[in-house]
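Below is one structure, written out as structure tokens; comments come after it.
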Amino acid sequence: FSSAMSASFYTKPANNGNAGVAMETSWDSNPGRQRTLQPITTGASVLAIKYNAGVIMVADTLGSYGSLAKFRSIPRVLRVNDATVAAASGDLADMQFLNTVVENHAIDEEIHEHGIAYSPASLHSWLTRVMYNRRSRINPLWNTYIVAGTEAGQPFLGYVNMLGVAFKEDCLATGFGSHLCLGLLREALDAAGGYAGLTEETATSALEACLRVLYYRDCRAYNQYQLANVPVAKPAQVSGPHFLQSDWSVAKLVKHYTE
Amino acid sequence: ARPHPTMSSIGTGYDLDVSEYSPEGKLFQVEYAHKAVESSGTAVGICCRDGVVLAVENIVTSKLYETNCNRRVFHIDRHIGMAASGLLPDARAVARHAREEAADYRQSHGEPMPLSELASRVSNLMHAYTMYSAVRPFGCGVLLAAFENGRPQLYGVEPSGVYYSYHGYAIGKAKQNARTEIEKLKLAELSAANGVKEAAKIIYSCHDEVKDKYFELDLSLTSAETAGRHVIVTGEQWTEASNYAKAALEEHDSDDDV
């Protein structure tokens with residue numbers, strides 16, 4: 001396998017040439033080791049928006065195996081601590097691996113009881129470093145993460161993808177959500193004059209509307225989802241599964257649908 | 001057997017490293033390690049009806065120390081508590097190993113480590129340090145507590161590595177008095193919430209006011225109420241327990257006056 005992978009006419013950092021020494025660890029050049037080439041079981045969009053007193057994030061509970069809707073009850077939202085939640089789209093094995101690492105870090109911090117816990121900003125920073133480091137070894141964790149929570153008394157929302165691209169915003173979406181829904185979320189924010197004018201109810205209904213759009217238009221989306229709400233003054237809560245009502249009666253208008 | 005220059009002690013000649021037996025078949029270094037435990041503040045563990053309580057008489061040698069800076073009750077993962085008597089740095093090392101074991105187990109098995117398994121690992125660790133001349137035994141004894149599947153559990157591990165499962169146990173300077181007090185309790189009927197107060201009372205009653213003026217009461221609880229989580233008792237609950245203990249002490253003292 002590794003010879004097929006490294007068959008190449010000139011030396012690049014990833015394939016065992018002299019230039020590769022500095023970039024690789026022995027862990028990478030182990031002949032049995034392979035690199036992530038493609039995501040296998042995947043999660044679709046994650047959506048999130050800040051509101052006047054916190055942040056809300058939603059993600060459906062589907063694990064797709066290509067075009068097969070194989071696992072219909074996969075939790076993609078992780079509660080890290082009272083002030084932090086994170087959700088991922090992309091390869092679910094990579095997500096579960098990273099989530100275990102994050103959870104273990106969180107337990108370590110709880111044990112030491114020095115009052116220091118993962119804040120959403122520190123988790124976002126750590127995830128960025130991990131994702132970028134993996135991409136730099138051409139062996140990415142094939143995920144896009146959204147981190148949400150309360151940072152220094154303010155709502156926090158951050159994005160990190162498999163390339164290590166990271167940024168913070170008032171509303172975020174991954175995958176198809178970034179194409180179909182980000183505009184809708186931005187409109188909701190603009191209508192309220194910024195997140196400080198957005199109520200929890202409006203934010204929740206905006207996210208629900210976006211999930212519905214995704215269910216209608218994204219072939220890998222699903223109508224069962226989890227919702228995470230991190231109010232600034234209260235502990236984070238992950239609820240679910242919630243069920244999305246949808247109206248497919250328009251299907252009858254599609255030619256040949258009933259034949 | 002080498003001549004010892006200054007001290008004449010019971011084990012002279014066979015006590016210089018732990019890999020040496022005495023002619024009577026004793027390991028004096030291990031026995032001396034026990035003495036380190038016995039000269040330290042008492043640690044008490046009580047299995048109640050719906051939880052386990054740990055309490056330590058944390059003797060503080062200077063008023064200059066900040067309160068609670070050196071607790072003798074440790075979290076091992078979320079669901080296991082450890083109380084220690086003896087040399088605190090040694091106890092911290094044991095806690096570190098225990099935490100690594102528990103974290104590793106949780107990562108591999110996808111579930112919290114059962115206490116019986118952890119106790120076995122801690123025992124193996126402490127025992128290993130009694131077999132080689134390059135190391136010394138741990139100068140601490142530990143009490144491990146958890147509330148698993150509705151059952152309270154308590155294990156005690158000693159410097160030799162020996163360990164047992166207990167309904168209630170005490171180690172440290174006043175262990176005999178404390179054990180006697182524990183035996184008087186009706187553990188099967190005692191709720192964990194009351195157990196916290198009773199443990200505090202035992203610590204206060206066994207505390208030697210003359211020799212060790214100042215001590216801090218370290219208390220912890222793992223019970224149905226805490227949903228199996230090991231929680232260090234602070235705030236109101238701690239004050240309540242501490243006041244209950246002090247009041248019981250005054251009552252007892254006033255009985256003496258008669």
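Within every chain, numbering begins at 1; the chains are lettered A, B, ... in the order of the sequence lines, protein sequences first and strands thereafter.
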Hey, what donor-acceptor pairs show up under 3.5 Å between chain A and chain B?
residue: A/Asn104; atom: ND2; partner: B/Gln107; partner atom: OE1; Å: 2.8
residue: A/Glu110; atom: OE1; partner: B/Arg78; partner atom: NE; Å: 2.8
residue: A/Glu110; atom: OE1; partner: B/Arg229; partner atom: NH2; Å: 2.2
residue: A/Glu110; atom: OE2; partner: B/Arg78; partner atom: NE; Å: 3.4
residue: A/Glu110; atom: OE2; partner: B/Arg78; partner atom: NH2; Å: 2.8
residue: A/Glu113; atom: OE2; partner: B/His75; partner atom: NE2; Å: 2.3

Just jot down the side chain to side chain contact (heavy atoms under 4.5 Å, CB included) partners of A/Asn223, sequence neighbours excluded, or say none. A/Tyr215, A/Leu244
Do other residues, nucleotides or ligands put more than 12 heavy atoms under 6.0 Å from the CD atom of A/Gln237? no
